Q: 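I have a structure here, written as structure tokens, and I will follow up with some questions on it.
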Amino acid sequence: MELDSVSLSRMLTTMTLAFHIIFATIGVGVPVMISIAEWIGIRKNDAHYTLLARRWARGFTITVAVGVVTGTCIGLQLSMLWPSFMRIAGKVISLPLFMETFAFFFEAIFLGIYLYTWDRFKKPLYHWLISIPVILGSSASAVFITCVNAFMNTPQGFKLKDGAIVNIEPFRAMFNPAAPSKIFHVLTSSYMTAAFILASIAAAAIIRGKKSTYYYKSLKLSLAMGLLFSLATALAGDESAKFLAEKQPEKLAAAEWHFETGKGADLVLFGSLAGGHRVENAIRIPKMLSFLAGGSLNTKVTGLDKIPDDEQPPLWIHYMFDLMVSIGMFGIGISALYFILLKFGKSFCAKWLLCLIIASGPLSMIAVELGWILAEVGRQPWILRGYMKVAEGATKADNVGLTFVMFFLLYLVLGVMSVYVLIKMFRNKPAEEEFASRYSRVS
Amino acid sequence: MRLQILGIVVLWIFLYGYLIVASVDFGAGFFAYYGKLTNKDHIINHIISRYLSPVWEVTNVFFVFFFVGLVGFFPETAYYYGTALLIPGSIALILLAIRGSFYAFGNYGPKSNRFYLFLYGATGLLIPASLSTALTISEGGFLKKNGDSVQFLTGELFRSPYSWSVVLLAIVSVLFISASFLTYYAGRAKDGGAMELLRNFALFWSFPTIIASLLVFLSLREHNPKHFQNSLEIWWMFAFSFLFFLAAVYLIYKRKLLGTAFILVMLQFFFAFFGYGASHLPYILYPYITVYSAYTSDTMGITLVTVFIAGLALLVPSLILLMRLFLFNADYVRGQK
Ligand code: HDD
Ligand code: HEM
Ligand code: HEM
């Protein structure tokens with residue numbers, strides 16, 4: 001099969017975003033965790049938490065660097081790979097993109113200050129205060145970029161007249177119907193992912209035989225935050241589903257294998273398709289889809305029969321959806337279980353539990369990827385829903401294949417290097433040693 | 001002032017900001033590697049890393065700001081440049097990505113490594129060279145419109161004397177700007193050895209920048225006579241630039257007022273850069289797009305400018321804080337904090 005520049009552009013965009021989103025998610029979530037740990041350290045006057053914040057921040061410098069460079073790549077690639085789309089979209093939705101750079105600017109400045117001033121202030125509280133603008137900056141950039149993505153799903157704030165764009169309303173375009181639920185879900189899922197990744201790291205250290213209180217405190221704090229944020233993620237995910245039912249029914253219908261419009265729709269979990277629309281081997285929960293979509297067992301849910309054939313998203317996103325939701329449930333379950341066992345004084349460092357906790361971090365990151373694939377592929381064939389199809393937006397340049405190979409190699413090197421550097425960084429300086437050398441006078 | 005002009009001026013200011021801060025960074029990479037090769041790294045490298053560590057990310061944002069703003073104000077440019085720059089743009093991006101991440105790997109990571117330093121030094125020269133092609137292309141003659149698509153004439157670019165003189169100017173300016181800033185910074189750190197070494201670099205690279213600028217002018221006359229004529233009309237901008245250059249070199253030579261000397265260097269480039277920009281107008285890309293034809297709507301233009309002003313109110317105090325903590329804090333510079 002000969003790949004045309006449309007497919008290649010899609011592949012390259014997918015690859016860059018899928019890689020960037022790993023670091024972006026960490027970039028949004030981890031500052032929150034760092035700030036919480038430092039705050040507890042100050043409040044309880046417990047140097048363990050301060051060291052936790054310090055070590056997390058040190059690892060964070062590596063992931064931020066990769067986030068920044070891959071983000072710069074995606075920013076320029078949007079213009080290079082989707083010039084026709086950016087020419088149109090640029091006129092209407094450049095406002096949040098522009099605001100995003102301010103958010104980055106703000107974050108970058110205070111992150112520089114935060115990382116290099118640990119011991120420069122007389123009061124530790126002043127140093128903690130600097131983490132606030134870092135959080136504001138990174139979360140705001142997630143908010144703004146999500147507005148752009150929401151616009152692609154529910155464009156508004158302009159009129160098309162003879163092929164020209166008129167009556168532009170930048171704020172209406174930015175605050176489009178898809179934005180609120182999407183922003184809520186993106187933020188909570190980033191916080192959740194960061195919490196579980198840090199929990200995984202602590203659990204992995206404990207299972208390797210490091211039994212100092214430092215790691216137990218780290219595990220407990222991360223899992224507490226993980227529980228909180230995974231509940232919030234599920235709530236936000238439910239909001240997203242309700243939004244889809246109302247404004248973007250074809251995405252929900254494809255994700256749920258809901259083929260015929262009707263009331264009292266069943267929820268289909270997993271399963272497989274046997275020729276056309278016959279679902280086999282699935283778990284069916286009666287009327288649950290109606291309940292999820294509208295809060296009542298009798299809500300009418302639009303099915304794929306109402307959507308023209310050439311505007312239906314691929315049906316395989318069903319699996320993305322089910323896996324994402326399963327991981328969400330797993331996150332809630334595992335963190336809740338930990339605290340229940342803790343309450344009953346059970347040996348909460350049981351190996352099987354630690355193993356499951358180790359899995360929670362990578363699984364959450366997988367859920368983020370699955371969620372984005374669901375959201376983006378579920379928008380197919382549109383790049384700007386109702387206005388422009390993906391094929392019309394792509395570049396006409398040759399050589400996209402060559403660029404794909406170059407960027408593939410780049411991400412490979414960056415990915416391998418960042419894992420290698422992070423592992424070395426912490427192996428060379430175990431927490432117990434660092435604690436002893438830094439706080440020997442305190443403890 | 002018309003909104004189109006206001007927009008391009010704002011963007012140009014940011015590109016100028018990038019030019020200065022990125023040059024310091026790019027050149028520092030080269031000097032650091034050079035220092036390692038000649039075993040003088042103990043003299044200058046700690047100066048360089050103390051300055052660079054807290055600010056490299058901010059440098060990158062200047063660049064992002066410029067291109068996001070350009071697409072916002074002038075969406076049409078995305079179409080032309082986007083198609084044409086796929087290959088050169090991707091190469092510049094990959095170099096930037098390698099530079100940024102390996103800087104972090106080397107600096108925060110295990111320990112400094114010769115290979116990282118090599119990458120850091122080499123990309124410091126290659127990136128300005130590749131980014132400068134975007135300006136070269138804007139002079140026209142390197143793109144061809146084929147019906148619906150835009151074609152980039154790579155061969156023309158490689159054969160053009162103008163294009164090579166711009167590359168040369170980009171590289172020597174980077175080294176000159178960087179050396180004159182680091183001389184000042186070493187002076188503040190009261191590090192005599194480093195200051196002498198960096199001062200020599202600054203003096204060494206000073207006259208080549210002027211020679212390279214002259215070459216650019218001469219080849220521009222052949223390549224784009226219209227732009228050349230326009231620039232003669234504002235000859236005084238370039239004359240000022242030259243005077244600031246002479247004054248700066250004099251001060252550096254005399255080892256006096258190094259801070260002022262660096263400000264003079266900034267003014268030198270300010271006048272040259274804005275002289276170049278002003279005579280380029282109204283074209284963004286000869287002969288296809290001007291600031292008027294590529295402009296977004298007035299509603300969006302006004303909104304962007306408003307947001308920009310609000311954003312500045314937030315950023316300027318933060319930037320001042322950053323500079324006070326790291327750049328103008330004598331204890332920090334001297335390595336006592
Ligand atoms: C840690 C990651 C994570 C977890 C556990 C979940 N999600 Fe999610 N989901 C995302 C991470 C994510 C995401 C990456 O953030 C997406 C991609 C696009 C978006 O808006 O958020 C997303 C998209 C997304 C969408 C599509 C939104 C749209 O296209 O507009 C729906 C309907 C849900 N999610 C629903 C859920 C439900 C009901 C969950 C139950 C627990 C759930 N998600 C867990
Ligand atoms: C929801 C998805 C995304 C999130 C949460 C996100 C978040 C982030 C974060 C946290 C960073 C690091 C910034 C810093 O620390 O300074 C970053 C970098 C960046 N992102 Fe993303 N991003 C997302 C998707 C995108 C997309 C689709 C684009 C393209 C328009 C993009 C453009 C950028 C750019 C240009 C940078 C580099 C900014 C700099 O130089 O500091 N991001 N992103
Ligand atoms: C800002 C403008 C954006 C543009 C122009 C854009 C464009 C696209 C396009 C054209 C595709 C290919 C569709 C396909 O292959 O099916 C895609 C896929 C994807 N996008 Fe977006 N997107 C944007 C925002 C975002 C954001 C904010 C994210 C979050 C990080 C994101 C995540 C993804 C992912 C993960 C895929 C892969 C889906 C797949 O596997 O096909 N996108 N995007």
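This structure is a prediction, so every number in the text was calculated from the model and none was measured. Proteins come first, then strands; the chains are lettered A, B, ... in the order of their sequence lines, and each starts at number 1.
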Q: How many angstroms lie between CZ in A:F19 and CD1 in A:I74, if you round to the nearest 0.5 Å?
A: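 One finds 13.0 Å between CZ of A:F19 and CD1 of A:I74.
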
Q: With only heavy atoms counted, which part of B:F308 is less than 4.5 Å from chain A, the side chain, the backbone, both or neither?
A: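 It is both, since atoms from each part get that close.
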
Q: For this output row, return yes or no: ring centroids of B:F65 and B:Y18 closer than 6.0 angstrom.
A: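 Not under 6.0 Å, so no.
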
Q: Side chains of A:T16 and A:Q77 only: does a donor on one sit below 3.5 Å from an acceptor on the other?
A: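 Their side chains do contain a donor-acceptor pair, which is all the 3.5 Å distance test asks for.
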
Q: Measuring heavy-atom distances to chain B, does A:F110 have an atom under 4.5 Å in its side chain, in its backbone, in both, or in neither?
A: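 For A:F110, the contact with chain B is made by the side chain alone.
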
Q: Decide if the gap between the ring center of A:F98 and the ring center of A:F102 is smaller than 6.0 angstrom.
A: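 Centroid separation for A:F98 and A:F102: below 6.0 Å.
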
Q: Name the region of A:L402, side chain, backbone, both or neither, that has any atom closer than 4.5 Å to a heavy atom of chain B.
A: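 Only the side chain of A:L402 comes within 4.5 Å of chain B.
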
Q: Highest number of heavy-atom pairs under 4.5 Å with chain B: which of A:V92, A:L76, A:L409, A:L95?
A: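 Among the listed options, the one with the most contacts to chain B is A:L76.
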
Q: Under 3.5 Å, side-chain donor or acceptor atoms of residues 8-15 of chain B against the rest of the protein: list the pairs with distances, not counting sequence neighbours.
A:
from, atom 1, to, atom 2, distance (Å)
B:W12, NE1, B:F273, O, 3.1

Q: Under 4.5 Å, counting heavy-atom pairs only, tell me which of B:I98, B:I91, B:I94 racks up the most with chain A.
A: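 Ranked by contacts with chain A, first place is B:I94.
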
Q: Chain A: which of B:V71, B:L315, B:L314, B:V307 shares the most heavy-atom pairs with it under 4.5 Å?
A: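 Ranked by heavy-atom pairs under 4.5 Å with chain A, first place is B:L315.
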
